[in-house]
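From a predicted model like this one, the values you see are computed outputs, not experimental measurements. Labels below follow one simple rule: chain letters A, B, ... track the order of the sequence lines, proteins then strands, and each chain is numbered from 1.
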Amino acid sequence: MLENSLSSLNESQKEAAQHIDGSLLILAGAGSGKTKTITTRLAYLISIGIDPSSILTLTFTNKAATEMRERAYSMIDTTIVNTPPLLCTFHKFGLLFLKFHMSELGRKNNFIIIDTDDKKRILKSIDKEITTSLLVSEISKYKNTLISPSEAKTAAQLKIYQQIADIYEKYEAYLLKNNLVDFDDLLLLPYKILEKNEELAKQISQKYQYVMVDEYQDTNELQYKLLRKLCLTHNNLCVVGDDDQSIYGWRGATIKNILNFSEHFENTKVVKLENNYRSTNIILNHANQLIEHNRDRLGKKLIGTRKEGDSIKVYESSDENEETRKITDDIKKLIASGESAKDIAILFRVNALSRSLEEGFNKAGLNYKLIGGMKFYERAEIKDLIAYFRILTNTTDNFSLKRVINKPKRGIGKTTIDKLDAKSLELKKPIFNILEDFEPDELAAIVGKKNSRTLKVFMASIMDLRDTMEESKMKFLDTFEDTFDYRASYDNVPDGFDRQANIDEFYGYIRDYFIQNPHLNLEDFLNEIALESEQGELTDQAVSMMSIHSSKGLEYKHLFIIGLEEGFFPIIGDGSDIEEERRLGYVAITRAMDTLTLSFVHSRFYKGKRTSLLKSRFLSESGLIKGSLTIEKTSSYKKGDLVQHKIFGMGRVQKATKAGKDYKLTINFGGTRRDILSSFVEKI
DNA sequence: GCGGAGTTCTTTTTT
DNA sequence: AGAACTCCGC
């Protein structure tokens with residue numbers, strides 16, 4: 001199998017795939033077979049006898065990891081290879097590492113990973129003045145550049161930065177106290193441990209003799225430093241990247257890492273992959289035109305290897321409903337002509353744009369899957385359940401306990417929680433133990449008689465549930481519902497139906513997990529899902545919708561990109577970087593294999609109001625807006641629309657029936673009624 | 001001290 | 001539009 005894979009590579013790809021020792025930089029343009037190359041390299045290394053468990057491959061997203069794993073495994077004879085090579089996201093690797101080595105920092109390994117939402121909550125509780133989004137990004141920036149709270153304090157010139165550094169310090173203290181770990185910590189703490197313990201660093205580096213990194217242009221400083229540690233005893237680092245596809249600058253990614261790779265690591269071999277095997281020449285041509293407007297780049301052109309292809313379509317619509325209608329019409333036609341829905345995707349810069357699409361797809365009866373957006377595990381009801389289950393496995397988890405102490409509502413409010421918190425701090429004892437150990441009277445002295453009773457009942461239920469769990473993993477979900485009525489608490493509330501559906505899905509997922517893994521317990525389950533963002537993705541016959549960020553590394557035969565309007569794409573203002581926006585445009589366009597349709601509207605409903613918009617500069621920059629391309633100008637008409645006719649002037653539509661591409665309109669021009677085709681009037 | 005009603009802010013993107 | 005936050009009545 002590997003032989004086939006190797007022989008299907010071109011010369012440069014082969015050179016990269018068969019490189020063994022020493023650092024290797026693969027500069028790979030979009031669609032140049034980058035994933036194929038490094039997965040083949042992975043299989044190649046194994047085929048020549050290198051121990052699979054000594055190879056580490058790191059990616060950025062779970063999706064990329066999954067895809068690579070599948071591809072690589074199909075090339076490896078899994079019957080011979082006993083331990084599969086570790087292939088996961090940076091964060092997952094950090095998590096695995098911390099599970100083993102957290103004690104190096106004097107912390108227990110039953111820490112809990114908090115997500116951005118939890119992080120915001122904590123920051124809000126520390127400070128209410130400064131916007132949390134600023135705090136989130138600033139603190140993240142500190143961590144990713146290895147600046148400690150005290151260093152941040154010293155460096156702070158402006159008052160606002162002193163405040164932020166102060167909050168940063170408190171935030172870190174809070175995490176430590178509750179044994180919490182944020183996403184940045186998953187990279188930062190392993191680095192700190194390796195920095196502190198040279199011996200361990202050497203060991204780890206010895207363990208992973210071959211390290212590969214996908215999407216290297218998106219690594220930040222911390223990730224680079226971590227890689228340095230991993231390669232402490234060798235120089236076997238192979239990275240793949242494309243400076244034109246760097247789209248995570250807002251997360252601290254720096255192109256410098258890829259630009260300076262050869263200086264960072266000795267004797268680097270550089271292989272360039274410039275042939276594009278994915279897209280038609282027309283698509284590549286416009287992608288090249290667009291990216292040429294960027295100054296901050298190494299400069300390269302994608303070289304096409306396929307046919308010329310169909311010209312790119314640009315749709316102009318008055319609003320998102322019309323836009324959706326055109327796209328669903330096209331997709332219906334594609335599917336009718338025998339295309340598979342899974343070869344079709346719609347991309348957008350802003351997740352919120354998916355809403356009108358979803359409506360339109362439901363109306364049109366088309367299957368779709370929305371990738372990204374509000375993630376399953378980020379939903380409040382799922383996080384509540386996870387919090388419940390975490391308490392069961394870890395009674396010291398104050399954070400989770402506080403989350404569910406009043407869910408479903410049992411009359412425990414903020415004041416009571418604050419009191420418990422204070423007591424917990426005073427006695428250096430988890431709230432759980434206070435609730436458990438204190439006599440009702442003692443507890444009443446803290447929170448009052450009524451609450452004391454409520455909390456004692458709550459605790460009794462929790463203890464009960466723990467016992468049930470010990471007895472039977474399968475039974476405990478029923479017991480959980482019987483005692484807490486969590487699902488039932490969403491009866492008769494707005495969107496309770498959806499939430500209950502999520503709850504059911506989650507329960508089903510847990511049950512299935514225990515059926516599949518009888519020897520594993522709840523704690524294993526919780527660990528596993530901590531970094532999982534998407535599951536059940538492979539619903540087959542459905543059109544995909546996702547943000548451009550999520551689309552990285554993917555390809556579709558037929559692609560639609562919507563929302564090409566100034567303000568939506570590119571996003572302009574504050575923290576936005578026009579070059580990065582343009583790279584996003586480049587990434588988006590280069591996802592398309594055969595056909596590409598771009599769409600912009602005159603107005604969009606967003607954040608509660610309708611805004612009029614101008615078409616995106618990217619349309620002209622990519623050479624699409626002037627010249628000989630098809631611009632679809634039909635708009636939809638309905639009764640009551642105001643229209644303008646060159647001769648008859650302004651009139652109001654009284655009747656509109658569809659006639660092919662046009663509409664047959666009955667228009668009232670100041671009292672005179674005329675039947676006119678829509679192509680002869682302009683909508684106002 | 002808790003829960004419901006009004007008010008403000010948000011996300012651009014992901015682990 | 002929807003969540004998240006503030007304020008005031010039981």
Side-chain angles (χ1 to χ4, degrees), chain A residues 58-65 88-95 113-121 124-125 128 131-134 136-137 140 143-144 181-188 215 218-220 222-223 246-253 347-356 359 371-375 377-380 405-406 408-419 447-451 454 493-495 530-534 546-552 563 567-577 580-581 583-585 587-588 604-610:
Chain A
L58 297 171
T59 64
F60 279 80
T61 60
N62 293 308
K63 194 142 37 85
C88 62
T89 63
F90 267 96
H91 291 85
K92 179 79 186 238
F93 176 75
L95 171 63
I113 302 170
I114 57 165
D115 64 17
T116 313
D117 183 67
D118 300 325
K119 188 176 179 178
K120 280 185 186 159
R121 246 175 254 264
K124 198 84 190 192
S125 75
K128 292 185 174 28
T131 22
T132 37
S133 56
L134 178 68
V136 166
S137 67
S140 201
K143 289 194 170 191
N144 282 313
V181 153
D182 67 16
F183 286 134
D184 298 321
D185 285 335
L186 290 174
L187 306 173
L188 178 59
E215 310 283 10
D218 289 326
T219 47
N220 60 31
L222 181 54
Q223 284 161 326
S246 166
I247 54 176
Y248 285 92
W250 51 276
R251 209 170 80 182
L347 306 185
F348 31 78
R349 172 72 236 268
V350 179
N351 274 320
L353 298 201
S354 69
R355 182 153 308 168
S356 54
E359 268 172 43
I371 298 169
M374 182 59 161
K375 309 252 176 34
Y377 293 112
E378 284 168 10
R379 286 167 207 272
I405 200 164
N406 197 31
K409 288 189 182 116
R410 51 177 74 86
I412 305 297
K414 191 174 179 302
T415 334
T416 308
I417 294 176
D418 284 347
K419 284 178 187 163
V447 297
K449 218 168 182 164
K450 187 162 153 266
N451 287 337
T454 314
V493 292
D495 64 282
L531 287 177
E532 217 170 285
S533 47
E534 212 53 47
M546 70 194 93
S547 74
I548 297 169
H549 281 88
S550 305
S551 77
K552 192 149 87 151
F568 277 98
F569 192 20
I571 285 168
I572 20 194
D574 293 10
S576 80
D577 166 359
E580 183 152 316
E581 295 294 314
R583 290 193 291 270
L584 271 162
V587 168
R604 227 175 249 291
F605 199 72
Y606 182 61
K607 283 191 187 171
K609 61 174 191 287
R610 183 160 289 284

* To do: For A/Met546 and B/dT11, give me the distance from atom CE to atom C1', rounded to whole Å.
  => 19 Å
* **Near-parallel close stack of A/Trp250 and B/dT13 base (under 5.5 Å, under 30°)** => yes
* To do: Would you kindly give the NZ-to-P distance between A/Lys607 and B/dT8, to the nearest whole Å?
  => 16 Å
* Asked: Once you round it to whole Å, what is the distance between P of B/dC2 and NZ of A/Lys450?
  -> 8 Å
* Structure fact -> Between CZ of A/Phe348 and C1' of B/dT11 the distance, given in whole Å, is 13 Å
* Asked: Within the structure shown, what part of the strands sits under 4.0 Å from A/Phe605 by heavy-atom distance: base, sugar-phosphate, or nothing?
  -> sugar-phosphate
* How long is the line joining CG of A/Leu353 and P of B/dT13, in whole Å? -> 9 Å
* Give a yes or no on whether A/Lys449 atom NZ has more than 12 heavy-atom contacts from other residues, nucleotides or ligands under 6.0 Å away. => no
* Structure fact -> Considering only heavy side-chain atoms of A/Thr415, the closest of B/dT14, C/dG2, B/dG1 is B/dG1
* Structure fact -> Note: for A/Phe183 and A/Ser133 on DNA chain B, the residue whose nearest nucleotide lies more 5' is A/Ser133
* Would you classify A/Gly608 as touching base, sugar-phosphate or nothing, given that sugar-phosphate means primed atoms plus P, OP1 and OP2, and contacts are heavy atoms under 4.0 Å? => base
* Asked: So, is A/Asn351 near the phosphate of B/dT13, with a side-chain N or O under 4.0 Å from OP1 or OP2?
  -> yes
* Hey, does A/Phe569 reach any base, or is it just sugar-phosphate, or nothing, if we go heavy atoms under 4.0 Å? -> nothing
* Counting any heavy atom closer than 4.0 Å, what does A/Lys414 reach on the DNA or RNA strands: base, sugar-phosphate only, or nothing? -> sugar-phosphate
* **A/Lys419 side-chain N/O to B/dG1 phosphate OP1/OP2 under 4.0 Å** => yes
* Quick one: does A/Leu186's side chain get under 4.5 Å of A/Phe93's, heavy atoms only? -> no
* Asked: For the side chain of A/His91 and the backbone of A/Leu187, is there at least one donor-acceptor N/O pair under 3.5 Å apart?
  -> no
* Taking the six-membered ring for Trp, is the centroid-to-centroid distance between A/Phe568 and A/Tyr606 below 6.0 Å? -> yes
* Asked: Taking for each residue the nucleotide of DNA chain B with the nearest heavy atom, is it A/Gly411 or A/Phe90 whose nucleotide lies nearer the 5' end?
  -> A/Gly411
* Measure from CD1 on A/Ile247 to P on B/dT13 and round the result to the nearest Å. => 12 Å
* Asked: Any side-chain N or O of A/Thr116 less than 4.0 Å from the OP1 or OP2 oxygen of B/dT14?
  -> no
* **B/dT11 to C/dT6 separation - C1' atoms, rounded to the nearest Å** => 22 Å
* **Separation of B/dT14 C1' from A/Glu215 CD (nearest whole Å)** => 13 Å
* If you round to the nearest 0.5 Å, how far is CG of A/Leu584 from OG of A/Ser547? -> 9.0 Å
* To do: Please state whether the phosphate of B/dG4, meaning OP1 or OP2, lies under 4.0 angstrom from any side-chain nitrogen or oxygen of A/Lys409.
  => yes
* To do: Would you please confirm or rule out a distance under 4.0 Å between OP1 or OP2 of B/dT14 and any side-chain N or O of A/Ser547?
  => yes
* Asked: Is the Lys NZ or Arg CZ of A/Arg251 less than 6.0 Å from the centre of A/Tyr248's six-membered ring, within 45° of the axis?
  -> yes
* Answer yes or no: does a side-chain N or O of A/Lys120 lie under 4.0 Å from OP1 or OP2 of C/dA4? => no
* Just checking A/Phe568: base, sugar-phosphate only, or nothing, at a heavy-atom cut-off of under 4.0 Å? -> nothing
* Say you draw a straight line from CH2 of A/Trp250 to OG of A/Ser140; how long is it, rounded to the nearest 0.5 Å? -> 9.0 Å
* **B/dG3 phosphate, OP1 or OP2, under 4.0 Å from A/Asn406 side-chain N/O** => yes
* Asked: So, is A/Thr416 close to the B/dC2 phosphate, meaning a side-chain N or O under 4.0 Å from OP1 or OP2?
  -> yes
* Between A/Ile548 (CD1) and B/dT13 (P), how many Å, whole number? -> 11 Å
* Structure fact -> Which of B/dC2, C/dG2, B/dT15 is nearest the side chain of A/Thr89? It is B/dT15
